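Here is the structure we will look at, set down as structure tokens.
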Amino acid sequence: MPVFDSRISQALEKRQQEELTRHLFAFEKGNTTTIISKDRHYVNFSSNDYLGLAADPELALAWQEGLDIYGCGSGASPLVTGFSHAHLKLEQALCDWLEYDRAILFSSGFSANQALLFSLMKKGDLLIQDKLNHASLMEAGSLCPATMKRFRHGDTAHLNTLFDEAASSLVVTEGVFSMDGDQSPLKQIEQACQNKAWLAVDDAHGIGVLGVDGRGSTFHQGIKPQILVVTFGKAFGLSGAAILCSEQVGDYLTQFSRHHVYSTAIPPAQAHALHHSLTMIKTQHWRREKLDELQSAYSEKLQGIDGYIDTQTPIKPLIIGKTESALICAELLRQKGFWATAIRQPTVPKGQARIRITLTANHTVAQVNSLCNSILYAMEKVQQ
Ligand SMILES: Cc1ncc(COP(=O)(O)O)c(C=O)c1O
């Protein structure tokens with residue numbers, strides 16, 4: 001008899017006992033600054049919509065225009081008939097913007113990262129990852145045939161001890177770390193890789209936000225990795241992803257990355273909207289300026305309190321420690337009208353449960369100040 005029933009109930013029970021059960025909340029409208037759950041309104045400080053584009057009418061109009069031109073679905077995988085002019089124009093615009101020869105599109109950042117590692121890494125190769133890289137990278141790293149090593153978070157000296165010059169090596173890091181909001185020391189990592197390894201940067205949280213015209217972490221720090229992964233579910237306000245690379249790597253991924261070859265292409269109307277989103281990112285500088293203003297307001301209010309972490313990105317972790325305390329803190333914030341999610345293991349290491357606060361260009365300084373006052377109140381309660 002299959003043991004699935006008992007396995008499933010044991011796993012769910014264990015999650016419950018450890019207070020790690022996750023819940024789905026169905027919000028009544030889109031992912032806007034104010035979200036509504038069970039008739040209550042909350043200011044949303046949990047989305048990755050850093051530039052405030054996800055519900056922007058101008059972007060919605062671009063998607064509608066795409067629907068008029070291309071209809072709904074792509075109808076097939078890219079190599080069959082799923083690739084359209086909208087996809088091509090998006091790829092070309094990304095290449096021009098980020099100065100790469102090729103951009104290969106994927107339906108999510110998760111699949112782009114998996115496609116990259118599964119198609120590139122072979123037995124005997126060495127994959128070296130920052131310890132805090134995203135689950136999509138870690139999972140692909142454990143399942144691919146290469147040997148995987150992990151370096152201490154952002155620690156180039158440790159990275160330097162892990163190279164094996166006999167192996168074909170790939171170093172992978174995020175540009176901005178999703179749960180900590182800090183930036184990878186890309187310049188030093190690129191130097192460490194010189195003649196020893198290729199470098200891949202997953203800039204899911206830096207693209208659109210950092211660098212001139214929002215070109216992301218690599219431009220911000222003045223490096224050009226062999227592989228750059230950008231995702232469209234955060235600052236782009238939509239979803240999907242692209243791998244930026246050389247002509248030859250682009251050809252290789254087109255032939256061999258299974259998530260590209262065997263998966264339906266993103267809808268052409270979405271590619272059309274993504275192209276428009278890219279134009280908004282490049283030209284609407286006020287969105288990044290607004291984020292700077294909000295960040296200053298946030299740090300002015302909270303700098304120095306227990307758990308505060310100083311970051312130069314819209315991701316503001318507030319480290320609480322115990323899972324239970326983080327859940328209480330999130331609940332207290334909800335009672336005050338703020339939605340700020342408690343992040344627990346396994347997403348973050350045990351003992352480092354936190355509230356992950358994210359700022360977006362659509363917040364006001366008054367909302368940030370008010371959130372900070374509620375955080376001060378909640379932290380005092382939690383510490384009692
Ligand atoms: C660093 C990083 N890479 C990749 C992903 C996955 O991207 P997507 O949500 O498009 O699948 C995420 C998602 O949160 C992420 O934080």
Side-chain angles (χ1 to χ4, degrees), residues 22 24 31 44-51 53-54 90 94 98 103-118 127 129-144 150 153-154 170-184 186 189 199-210 216-218 220-221 225 227-244 257-260 263-267 270-271 273-274 277-278 281 311 313-317 341 343-344 346-349 354 356-360:
R22 271 85 167 138
L24 274 174
N31 208 303
N44 179 6
F45 278 101
S46 279
S47 90
N48 296 319
D49 179 27
Y50 305 122
L51 297 184
L53 291 178
L90 173 61
L94 287 166
L98 298 171
I104 309 296
L105 300 176
F106 292 85
S107 52
S108 71
F110 203 101
S111 63
N113 281 338
Q114 300 248 315
L116 174 69
L117 297 189
F118 286 135
L127 172 65
Q129 301 215 50
D130 186 291
K131 226 173 169 161
L132 294 190
N133 276 355
H134 188 255
S136 53
L137 292 163
M138 284 308 173
E139 189 194 71
S142 325
L143 297 177
C144 79
R150 302 192 302 165
H153 178 51
L170 177 72
V171 172
V172 187
T173 180
E174 293 183 25
V176 172
F177 286 86
S178 54
M179 294 300 135
D180 292 75
D182 59 335
Q183 298 169 60
S184 176
L186 292 178
I189 293 183
L199 173 60
V201 175
D202 171 353
D203 204 25
H205 298 273
I207 197 72
V209 173
L210 297 176
S217 304
T218 57
H220 189 52
Q221 296 197 42
I227 310 279
L228 173 64
V229 178
V230 296
T231 70
F232 306 137
K234 292 145 175 74
F236 272 75
L238 290 152
S239 69
I243 297 181
L244 282 295
S257 67
R258 288 190 296 278
H259 302 68
H260 180 74
S263 187
T264 302
I266 58 170
Q270 184 183 335
L274 281 163
S277 177
L278 176 49
I281 289 173
T311 72
T313 68
I315 303 171
K316 306 290 180 199
T341 308
I343 307 284
R344 299 160 278 167
T347 310
V348 293
R354 65 197 63 191
R356 179 178 182 265
I357 292 143
T358 44
L359 305 175
T360 82

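Keep in mind it's a predicted model, so treat the numbers as computed, not measured. First listed ligand is number 1; within each ligand, the first listed atom is number 1.
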* Asked: Shortest non-hydrogen contact from Gly208 to Leu51?
  -> O-CD1, 3.4 Å
* Protein contact of atom 11 (O) of ligand 1 - nearest heavy atom, named by residue and atom, plus distance -> Phe110 N, 2.9 Å
* Of Gly206, Ser107, Gly109, which has the heavy atom at the shortest distance from atom 10 (O) of ligand 1? -> Gly109
* Looking at Phe177 versus His134, is the centre-to-centre ring distance below 6.0 Å? -> no
* Going by the order shown, which atoms of ligand 1 are within less than 4.0 Å of some heavy atom of Asn113? -> 3 (N), 4 (C)
* Structure fact -> Within 4.0 Å of some non-hydrogen atom of Ala204, the atoms of ligand 1 are 1 (C), 2 (C), 3 (N), 15 (C)
* Asked: What are the atoms of ligand 1, with element, lying closer than 4.0 Å to any heavy atom of Glu174?
  -> 1 (C)
* Could you check atom 13 (C) of ligand 1 against the protein and tell me its nearest heavy-atom contact, residue, atom and distance included? => Lys234 NZ, 2.8 Å
* **Residue and atom name of the nearest protein heavy atom (relative to atom 5 (C) of ligand 1), distance in Å to one decimal** => His134 CE1, 3.5 Å
* To do: Check the pair Leu127 / Val172 against side-chain contact (heavy atoms from CB on, under 4.5 Å), numbers first and verdict last.
  => CA-CA 8 Å; Leu127 172 65; Val172 187; 3.6 Å; yes
* Which of the atoms in ligand 1, numbered in the order shown and given with their element, are less than 4.0 Å from a heavy-atom of Asp202? -> 1 (C), 2 (C), 3 (N), 4 (C)
* Gap separating the CD atom of Glu174 from the OG atom of Ser217, nearest 0.5 angstrom -> 9.5 Å
* To do: Could you list which atoms of ligand 1 come closer than 4.0 Å to a heavy atom of His205?
  => 1 (C), 15 (C), 16 (O)
* What are the atoms of ligand 1, with element, lying closer than 4.0 Å to any heavy atom of Ser178? -> 16 (O)
* Structure fact -> Taken in chain and number order and not counting sequence neighbours, the residues that satisfy salt bridge (Lys or Arg N to Asp or Glu O under 4.0 Å) with Asp180 are Arg354
* Structure fact -> When rounded to the nearest 0.5 Å, the distance separating CG of Leu117 from SG of Cys144 is 6.0 Å
* Residue list, ring pair (Phe, Tyr, Trp, His ring centres under 6.0 Å) with His260, at least two apart or on another chain -> Phe106
